[in-house]
*Asks:* 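Here it is: the structure, laid out below.
Scope of the values below: all heavy atoms of this structure, side chains included, with no hydrogens, waters or symmetry mates. Protein chains get the first letters and strands the later ones, always in sequence-line order, with residue 1 at the start of each. These numbers come from a predicted model, not from an experiment.
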Amino acid sequence: MAIKYELIKECKQSGARLGKITTPHGEIETPIFMPVGTKATVKAMTPEELKEIETQILLSNTFHLYLRPGHELIEKAGGLHKFMNWDGPILTDSGGFQVFSLDKLRKITEEGVEFRSFVDGSKHFFTPEKSMEVQNALGSDIMMTFDECPPYPADKEYVRKSLEMTTRWAKRSKDAHKNPDTQALFGIIQGGMFRDLREQSAKELIELDFPGYAIGGLSVGEPKDLMIEVLKYTTPMMPKDKPRYLMGVGTPDYIFEAAISGIDMFDCVLPTRIARNGTAMTSSGRINLKNAKFFDDFTPLDEECDCYACRNYTKSYIRHLVKENEILGARLLTIHNLNFLLKLSENIREAIKNDRLLDYKEEFYKKYGYIK
RNA sequence: GCGGUUAUAGUCAAGUGGUUAAGACACAGGAUUGUGACUCCUGCAUGCGUGGGUUCAAAUCCCACUAGCCGCC
């Protein structure tokens with residue numbers, strides 16, 4: 001087995017799980033937020049900077065790296081860890097999400113998905129086998145099965161057929177996976193916003209016995225209440241003795257809800273993306289550094305933060321960098337936002353230890369502005 | 001002093017008689033959720049140097065003035 005999951009304790013107040021995942025490239029304390037580095041880099045960040053903010057595991061993307069620079073090159077370089085100089089754990093997404101996000105540039109069949117490259121328009125046929133070939137070449141610690149992520153809204157019949165195909169693709173992924181001893185392959189539960197379909201998907205995938213499971217198909221534009229409802233009933237369908245990963249979540253409210261429902265891992269491009277557009281996540285809510293009110297605000301982004309950006313720079317200066325489109329602005333905000341979610345993860349783990357996650361959630365929400 | 005030329009938003013600028021005066025940048029907000037993202041969306045001139053005039057109708061035509069620019073004494 002490539003990874004080991006240890007359930008350390010459950011929060012008596014909330015039911016959230018504190019755990020530890022051991023991978024070939026180190027241990028991960030859960031619940032944990034995973035920064036996204038789609039193209040073998042967390043945009044604007046060096047591995048040293050990621051280490052400094054205590055990043056435990058990164059995400060990267062199979063489909064993007066397959067297009068450029070090509071998995072053969074990365075294999076030749078000695079694998080993704082060596083190629084990008086990151087020696088910690090890496091999780092690679094399968095390309096399944098691109099089935100959703102590139103919906104105008106692809107065609108889905110039972111065999112696989114024909115994509116039109118967003119790089120040069122060329123056609124590429126992606127299959128579960130292809131995704132495994134690429135992920136095996138990359139050498140990630142955790143791989144994902146190739147799935148179809150249906151859009152929202154989608155009618156039930158479509159979602160049912162989609163999930164059943166995702167199960168068949170999961171089986172094919174597992175069969176094609178060459179390195180199960182050094183790379184763990186996670187299954188992805190689909191089923192849209194339908195409880196019975198989520199149950200069907202979970203059941204079918206659990207029969208295939210993966211070392212970890214993810215919830216896919218959420219955070220695709222559905223209302224927040226619906227997303228949380230689906231999350232609440234889907235998580236308990238997942239095995240207790242294996243890691244549980246909620247894909248695509250990165251706002252504090254979703255992170256709390258995920259942890260409380262028993263999720264161990266989550267990832268999102270949001271903190272790095274909004275950083276590049278001038279927004280910071282702070283303990284008292286999001287702030288847009290472009291706003292005129294920060295022109296002469298010489299305080300740090302977040303008084304409670306101890307990241308490099310907050311220790312050394314003011315809102316006024318960072319606003320200036322953002323307004324001038326200076327690279328350092330994006331870098332400082334990225335460091336800060338990732339640190340914020342990593343610190344939030346740590347605080348959640350600490351609260352679980354002390355059986356007070358619901359109390360911590362209320363404190364956080366009041367300050368952040370979720371509760372008036 | 002004389003001749004020519006120009007004057008439209010904070011900036012650049014389209015428009016040369018006919019509905020709510022293009023567009024870009026800047027400015028002010030907003031969005032962003034397994035990254036097609038230095039991206040996207042919204043707002044921003046009751047007014048076209050000033051004052052008169054012609055006309056049903058003027059940023060557009062005419063006159064004067066003011067300012068800038070280019071020549072010539």
Side-chain angles (χ1 to χ4, degrees), chain A residues 33-44 57-65 67-68 90-106 115-121 124 131 135 140 142-150 152 166 186-190 212-224 227-228 231 245-255 257-258 263 265-281 286-295 319 321-331 333-334 337 341:
Chain A
F33 175 77
M34 307 184 284
V36 178
T38 301
K39 295 190 268 189
T41 172
V42 176
K43 293 182 196 297
I57 172 171
L58 296 184
L59 235 78
S60 203
N61 192 291
T62 302
F63 185 63
H64 295 253
L65 294 177
L67 286 180
R68 273 188 183 171
I90 296 176
L91 182 153
T92 43
D93 191 17
S94 60
F97 188 68
Q98 279 60 50
V99 178
F100 163 75
S101 66
L102 299 176
D103 71 310
K104 290 195 174 60
L105 296 172
R106 49 73 168 155
F115 288 104
R116 175 83 32 115
S117 165
F118 48 80
V119 175
D120 60 7
H124 298 268
S131 179
Q135 294 187 72
S140 49
I142 298 174
M143 302 168 33
M144 301 305 297
T145 53
F146 189 60
D147 64 328
E148 187 200 350
C149 180
Y152 176 85
T166 286
F186 282 21
I188 303 174
I189 298 168
Q190 291 291 350
Y213 290 90
I215 300 177
L218 292 184
S219 285
V220 289
E222 73 282 9
K224 182 185 166 188
M227 189 275 193
I228 289 169
L231 169 69
Y245 164 25
L246 175 62
M247 309 183 84
V249 150
T251 54
D253 51 349
Y254 283 1
I255 288 174
E257 294 299 342
I263 292 289
M265 314 155 73
F266 22 84
D267 75 284
C268 194
V269 303
L270 195 71
T272 46
R273 177 179 289 170
I274 65 178
R276 278 175 278 118
N277 292 319
T279 298
M281 300 169 116
R286 275 200 212 179
I287 58 172
N288 184 346
L289 274 298
K290 288 177 186 164
N291 291 0
K293 63 184 172 185
F294 299 121
F295 176 73
R319 170 181 147 87
L321 295 176
V322 169
K323 294 290 281 183
E324 291 306 309
N325 211 4
E326 282 290 340
I327 297 165
L328 185 58
R331 283 175 36 68
L333 285 171
T334 300
N337 284 349
L341 292 185

*Asks:* Does the side chain of A:Thr251 get closer than 4.0 angstrom to OP1 or OP2 of B:U33 through an N or O atom?
*Replies:*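 So the side chain of A:Thr251 is outside the cut-off, no N or O lying under 4.0 Å from OP1 or OP2 of B:U33.
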*Asks:* Distance check, C1' atoms only: B:U55 and B:G10, in whole angstrom units.
*Replies:*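 The same atom, C1', in both gives a distance of 35 Å.
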*Asks:* Taking OP1 and OP2 of B:U33, is either one under 4.0 Å from a side-chain nitrogen or oxygen of A:Ser219?
*Replies:*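 For B:U33, neither OP1 nor OP2 has a side-chain N or O of A:Ser219 closer than 4.0 Å.
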*Asks:* Taking all atoms of both residues into account, what is the closest heavy-atom pair of A:Gln98 and A:Asn61, and its distance?
*Replies:*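 Scanning both residues completely, I find the closest heavy atoms to be OE1-ND2, 3.2 Å.
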*Asks:* Kindly express the pairing pattern of RNA chain B in dot-bracket notation, using | wherever a base pairs with another strand and counting only Watson-Crick or G-U pairs under 3.5 Å.
*Replies:* ((((((((.[[[..)..(....]]].(((((.......))))).....[[[[[..)....]]]]]))))))).
*Asks:* Using a 4.0 Å cut-off on protein heavy atoms (strictly under), produce a 5'-to-3' string for nucleotides 23-32 of chain B with B for base contact, S for backbone-only sugar-phosphate contact, and - for none.
*Replies:* ----SSSSBB
*Asks:* Pairs of donor and acceptor atoms involving the side chains of residues 266-276 of chain A, under 3.5 Å and at least two apart or interchain, shall be tabulated with distances.
*Replies:*
residue	atom	partner	partner atom	Å
A:Asp267	OD1	A:Tyr245	OH	2.7
A:Asp267	OD1	A:Gly248	N	3.1
A:Thr272	OG1	A:Val269	O	2.9
A:Arg276	NE	A:Thr272	O	3.3

*Asks:* Could I get the full list of ring pair (Phe, Tyr, Trp, His ring centres under 6.0 Å) partners for A:Tyr152, not counting sequence neighbours?
*Replies:*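 A:Tyr152 satisfies ring pair (Phe, Tyr, Trp, His ring centres under 6.0 Å) with no residue once adjacent residues are dropped.
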*Asks:* Just jot down the salt bridge (Lys or Arg N to Asp or Glu O under 4.0 Å) partners of A:Arg331, sequence neighbours excluded, or say none.
*Replies:*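 Expected list: A:Glu49.
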*Asks:* I'd like to know if A:Asn61 reaches the base of B:G34 with its side chain, counting only an N/O donor and acceptor under 3.5 Å.
*Replies:*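 No.
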*Asks:* Name all residues meeting the side-chain contact (heavy atoms from CB on, under 4.5 Å) criterion together with A:Arg116; count only those two or more places apart in sequence or in a different chain, and write none if there are none.
*Replies:*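 Checked A:Arg116 against side-chain contact (heavy atoms from CB on, under 4.5 Å); matches are A:Leu105, A:Lys123.
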*Asks:* I'd like to check the side-chain contact (heavy atoms from CB on, under 4.5 Å) partners of A:Asn288; sequence neighbours left out, ordered by chain and number.
*Replies:*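 Partners of A:Asn288 by the side-chain contact (heavy atoms from CB on, under 4.5 Å) criterion, ordered by chain and then number, come out as A:Thr279, A:Lys290, A:Asn291.
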*Asks:* Given B:U33, B:G34, B:U35, identify the nucleotide with an atom nearest to the side chain of A:Tyr254.
*Replies:*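 Looking only at heavy atoms from C-beta outward on A:Tyr254, the closest nucleotide is B:U33.
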*Asks:* Holding to side chain to side chain donor-acceptor pair (under 3.5 Å), I want the full list of residues that pass it with A:Ser101, two or more places apart in sequence or in another chain.
*Replies:*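 Side chain to side chain donor-acceptor pair (under 3.5 Å) check on A:Ser101 returns nothing, list empty.
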*Asks:* When you measure from the side-chain N and O atoms of A:Gln98 to the phosphate of B:G34, is any distance below 4.0 Å, counting only OP1 and OP2?
*Replies:*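 No, outside the criterion.
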*Asks:* Identify, with sequence neighbours excluded, every residue that meets ring pair (Phe, Tyr, Trp, His ring centres under 6.0 Å) alongside A:Tyr254.
*Replies:*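 Not a single residue meets the ring pair (Phe, Tyr, Trp, His ring centres under 6.0 Å) criterion with A:Tyr254.
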